[in-house]
Enquirer: 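Submitted below is the structure of interest, expressed as structure tokens.
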Amino acid sequence: MVGVFEVGAVPFNPDGWGPPDSAAAASITTTLPLHVPFAPFSRSDKLGRIADFTRSFPSSNANPSNRPSSRHGAGNPADSPFDFSLDVDAFPLANPEDDSSFRLVDAKPPPRPKFGPKWRFNQNRPQLPQRRDEEVEARKREAEKERARRDRLYNLNRSNQNQQRREAAIFKSSVDIQPEWNMLDQIPFSTFSKLSFSVPEPEDLLICGALEYYDRSFDRITPKNERRLERFKNRNFFKVTTTDDPVIRRLANEDKATVFATDTILSTLMCAPRSVYSWDIVIQRVGNKLFFDKRDGSQLDLLSVHETSQEPLPEAKDDINSAYSLSVEAAYINQNFSQQVLVRDGNKVSFDESNPFANEGDEVASVAYRYRRWKLDNDMHLVARCEVQSVVDVNNQKSFLTLNALNEFDPKYSGVDWRQKLETQRGAVLATELKNNANKLAKWTAQAILANADLMKLGYVSRVHPRDHFNHVILGVVGYKPRDFAAQINLNTANMWGIVKSIVDLCMKLNEGKYVLVKDPSKPQVRIYEVPADAFENDYVEEPLPEEEQVQPPTEDPEDGEANGTTNDVEDKEIEAQN
């Protein structure tokens with residue numbers, strides 16, 4: 001059954017829109033409810049349903065954007081107890097193009113999210129504050145990033161300053177370059193890295209001296225049971241250059257070789273690319289023979305300390321931690337260490353000849369000189385004097401040892417305290433020394449390989465107190481096989497001999513005379529100068545320093561060393577540094 005909708009009597013208003021205002025119209029009988037105000041509206045208003053009593057309006061403090069807005073007040077529920085807006089479904093618009101300006105009102109509640117807090121998905125509500133723990137973590141991460149950035153900038157600036165300071169500190173040649181010297185050639189170290197030369201196994205021509213046995217008890221030394229470093233003032237140590245060696249002179253007269261040198265000079269050439277400090281080698285071309293010499297008082301007699309480190313050393317020579325003072329101290333430690341780790345019971349291993357540099361009745365240090373010959377070419381041989389300091393019995397066979405000592409002078413320079421790290425983190429200590437003393441360790445390894453030593457012993461010697469540079473203790477001793485250690489420090493034997501072969505070939509093309517090979521104090525390169533025949537004689541130049549900075553000669557124990565300066569040189573220099 002279809003219901004009938006009665007509209008009722010609607011008065012006609014000929015004057016405009018809405019009910020008539022005339023009294024006549026008011027008297028017309030109508031079925032409309034009385035006293036109901038008329039709510040005007042415009043076409044742009046958002047229309048709702050007719051008399052929708054189920055709709056809930058937002059409170060006064062809610063988002064005003066959710067309220068239906070109207071210029072005439074039709075959408076405001078406070079204007080009327082009823083919502084007399086038209087129902088769109090009941091009264092379709094005459095113009096379908098205006099549908100976009102109308103919106104259906106859905107009374108269904110918005111769908112709730114399946115997971116997560118409501119505030120994350122509610123775009124109409126303000127964002128809730130971040131959780132406190134997340135804020136703390138975020139601030140920590142930002143602080144760590146900022147701290148890391150500051151540390152990088154600080155380390156970068158510090159490394160640049162240290163590099164400048166080190167260059168300023170070592171910007172001094174090991175020998176004064178005289179104006180009359182003629183520079184013949186300069187060789188950058190970059191060319192040395194590409195060289196390679198293989199030499200056959202050498203032969204021993206002669207072994208001189210005597211060796212004492214190594215005391216194995218020193219292998220068990222730890223920082224907790226350290227031993228005091230003793231002094232051996234009565235034992236003579238010799239640092240004789242090539243042309244002053246009577247054995248080499250005899251071999252040269254017998255035409256045993258064409259090139260002659262010592263293990264110290266050869267190791268300096270072999271490890272030249274790792275060097276930072278300036279050094280010099282005197283080269284003499286006599287007939288068809290070539291002699292590599294060192295000057296009296298040369299830096300080759302000392303041991304560099306922190307040469308390859310970026311931490312700058314004090315520049316004042318009289319400072320106990322300056323490069324020169326540490327070199328003297330290191331050589332002094334190295335000599336005493338090589339004699340203390342021996343079994344001093346009088347039992348020695350003697351060889352073909354006695355020590356060629358000692359006088360009769362002198363007490364000499366335990367050392368053996370091995371004169372070995374290498375074949376560089378069909379008509380070119382090289383003879384070098386190599387040193388070993390001790391011997392030990394291994395499987396009923398005698399094995400040669402080289403003895404060297406690393407010295408710690410102040411932990412703040414190296415960053416590693418040996419007394420705390422040596423026993424538990426020995427690898428870290430060695431890695432630090434390889435970084436700070438790469439050239440010195442490479443030269444020791446090269447000397448052990450040249451001497452064909454079966455084992456090289458490295459001692460760790462530290463000062464009793466950082467400000468006491470005269471008293472030391474032994475904290476530990478470690479042994480390595482030379483060739484294994486060379487592979488560990490990336491020291492290539494073929495490259496070592498390639499450097500020597502290239503320099504020998506270059507010098508063999510020179511005329512007879514005297515030359516000097518100088519490592520540039522500020523650049524990674526070496527230069528060859530032609531010098532007068534009387535250069536470096538009669539104390540030509542010993543130290544490239546002003547007279548006021550020269551170390552005064554020792555004033556006590558003049559009998560300890562001979563006039564030629566070949567015995568107790570390092571000990572005398574230590575006394576000079578003390579004064």
Enquirer: Could you check Glu212 against Arg235 for salt bridge (Lys or Arg N to Asp or Glu O under 4.0 Å), going step by step and ending with a plain yes or no?
Expert: CA-CA 13 Å; Glu212 299 181 28; Arg235 292 198 171 190; 3.0 Å; yes
Enquirer: Is a side-chain N or O of Asp244 found less than 3.5 angstrom from the main chain of Thr241, in a donor-acceptor match?
Expert: no
Enquirer: Ignoring hydrogens and geometry, is there a side-chain-to-backbone donor-acceptor pair from Asn437 to His306 under 3.5 Å?
Expert: yes
Enquirer: Nearest 0.5 angstrom please: Ser354 OG to Asp362 CG, how far?
Expert: 11.0 Å
Enquirer: Among Thr242, Asp301, Thr268, which one satisfies side-chain hydrogen bond (donor to acceptor under 3.5 Å, both in side chains) with Lys294?
Expert: Asp301
Enquirer: Taking it one step at a time, do Val516 and Phe536 satisfy side-chain contact (heavy atoms from CB on, under 4.5 Å)?
Expert: CA-CA 10 Å; Val516 60; Phe536 313 119; 4.2 Å; yes
Enquirer: Tell me yes or no: between the side chains of Asp293 and Thr243, is some donor less than 3.5 Å from an acceptor?
Expert: yes
Enquirer: Taking the side chain as everything from C-beta on, heavy atoms only, tell me whether Tyr369 gets closer than 4.5 Å to Asp245.
Expert: no
Enquirer: Donor-acceptor check, side chain of Glu307 to backbone of Tyr277, threshold 3.5 angstrom: yes or no?
Expert: yes
Enquirer: State, with a plain yes or no, whether a side-chain heavy atom of Arg231 is found less than 4.5 Å away from one of Tyr332.
Expert: yes
Enquirer: Apply side-chain contact (heavy atoms from CB on, under 4.5 Å) to Asn236 and Phe357, showing your working.
Expert: CA-CA 10 Å; Asn236 295 324; Phe357 315 118; over 6 Å; no
Enquirer: Between Lys501 and Asp505, does any NZ, NE, NH1 or NH2 come within less than 4.0 Å of an OD or OE carboxylate oxygen?
Expert: yes
Enquirer: Look up atom CZ in Phe237 and atom CD in Gln335, then write down how far apart they are to the nearest 0.5 Å.
Expert: 4.5 Å
Enquirer: Between Asp263 (side chain) and Ala384 (backbone), is there a donor-acceptor pair under 3.5 Å?
Expert: no
Enquirer: Is a salt bridge present between Asp410 and Arg463, judged by a nitrogen-to-oxygen distance below 4.0 Å?
Expert: no
Enquirer: What are the two closest non-hydrogen atoms of Pro482 and Ile449, and how far apart are they?
Expert: CB-CG1, 3.9 Å
Enquirer: Report the C-alpha separation of Tyr213 and Asp345 in whole Å, then their side-chain angles, then the decisive distance to 0.1 Å, and conclude whether the side-chain contact (heavy atoms from CB on, under 4.5 Å) test is met.
Expert: CA-CA 9 Å; Tyr213 285 91; Asp345 57 356; 5.8 Å; no
Enquirer: Just by distance, do the side chain of Ser325 and the backbone of Ser322 share a donor-acceptor pair under 3.5 Å?
Expert: no
Enquirer: Taking all atoms of both residues into account, what is the closest heavy-atom pair of Ser275 and Ala272, and its distance?
Expert: OG-O, 2.6 Å
Enquirer: Looking at every non-hydrogen atom in both residues, tell me the closest pair between Leu491 and Ala446 and how far apart they are.
Expert: CD2-N, 4.2 Å
Enquirer: Taking it one step at a time, do Arg483 and Thr493 satisfy side-chain contact (heavy atoms from CB on, under 4.5 Å)?
Expert: CA-CA 9 Å; Arg483 295 192 179 274; Thr493 307; 3.9 Å; yes
Enquirer: Check whether any side-chain heavy atom of Glu230 sits under 4.5 Å from a side-chain heavy atom of Arg228, and report yes or no.
Expert: no
Enquirer: Got a second to check how far Met496's CE is from Leu269's CG, nearest 0.5 Å?
Expert: 11.0 Å
Enquirer: Could you give the distance from CG (Asn336) to NZ (Lys233), rounded to the nearest 0.5 Å?
Expert: 10.0 Å
Enquirer: Check this for me: Asn490, atom CG, are more than 12 non-hydrogen atoms of other residues, nucleotides or ligands nearer than 6.0 Å?
Expert: no
Enquirer: Flag the pair Tyr480 / Thr445 as yes when at least one side-chain heavy-atom distance between them is below 4.5 Å, and no otherwise.
Expert: no
Enquirer: Looking at Asp215 and Val343, would you say the former's side chain and the latter's main chain have a donor-acceptor pair under 3.5 Å?
Expert: no
Enquirer: Within a reach of under 6.0 Å around NZ of Lys289, are more than 12 heavy atoms found that belong to other residues, nucleotides or ligands?
Expert: yes
Enquirer: Taking the side chain from Ser196 and the backbone from Asn495, do they hold a donor-acceptor pair closer than 3.5 Å?
Expert: no
Enquirer: Is the shortest distance from a Lys or Arg side-chain nitrogen in Arg250 or Glu353 to a carboxylate oxygen in the other one below 4.0 Å?
Expert: yes
Enquirer: Is any side-chain heavy atom of Val464 closer than 4.5 Å to a side-chain heavy atom of Val473?
Expert: yes
Enquirer: Under 3.5 Å, is there a donor-acceptor pair between the side chain of Asn225 and the main chain of Thr222?
Expert: yes
Enquirer: Return the minimal non-hydrogen interatomic distance between Met508 and Arg285, and the atom names on each side.
Expert: O-NH1, 2.8 Å
Enquirer: Checking Tyr460 now: which residues fulfil ring pair (Phe, Tyr, Trp, His ring centres under 6.0 Å) with it, not counting sequence neighbours?
Expert: Trp418
Enquirer: Check whether any side-chain heavy atom of Glu226 sits under 4.5 Å from a side-chain heavy atom of Arg419, and report yes or no.
Expert: yes
Enquirer: Any cation-pi pair here, Arg227 with Phe218, using under 6.0 Å and within 45°?
Expert: yes
Enquirer: Report, as yes or no, whether the 6.0 Å neighbourhood of atom CD on Gln397 holds more than 12 heavy atoms from other residues, nucleotides or ligands.
Expert: no
Enquirer: Taking everything shown except Glu363 itself, do over 12 heavy atoms lie less than 6.0 Å from its CD?
Expert: yes
Enquirer: Do Asp219 and Lys457 meet the salt-bridge criterion of a basic N to acidic O distance under 4.0 Å?
Expert: yes
Enquirer: Would a 4.5 Å heavy-atom cut-off, applied to side chains only, mark Asn436 and Glu311 as touching?
Expert: no
Enquirer: Going from NZ on Lys348 to OG on Ser366, what distance comes out if it is rounded to the nearest 0.5 angstrom?
Expert: 7.0 Å
Enquirer: Going by side chain to side chain contact (heavy atoms under 4.5 Å, CB included), Trp279 matches just one of Val518, Val526, Val175. Which one?
Expert: Val526
Enquirer: Are Leu313 and Phe409 close enough that some pair of their side-chain heavy atoms sits under 4.5 Å apart?
Expert: yes
Enquirer: Is the side chain of Asp377 donor-acceptor paired with the backbone N or O of Asp379 at a distance under 3.5 Å, no angle test?
Expert: no
Enquirer: Please find the pair of heavy atoms, one from Ala368 and one from Leu211, that lie closest to each other, and give the distance.
Expert: N-CD2, 3.4 Å
Enquirer: Mind checking the CD1-NZ spacing from Ile221 to Lys224? Nearest 0.5 Å is all I need.
Expert: 15.5 Å
Enquirer: Which atom names give the shortest non-hydrogen contact between Phe192 and Ile503, and what distance separates them?
Expert: CZ-CD1, 4.3 Å
Enquirer: Just by distance, with hydrogens left out, do Asp280 and Ser278 show a side-chain donor and acceptor under 3.5 Å apart?
Expert: no
Enquirer: Any donor-acceptor pair under 3.5 Å linking the side chain of Lys519 with the backbone of Val276?
Expert: yes
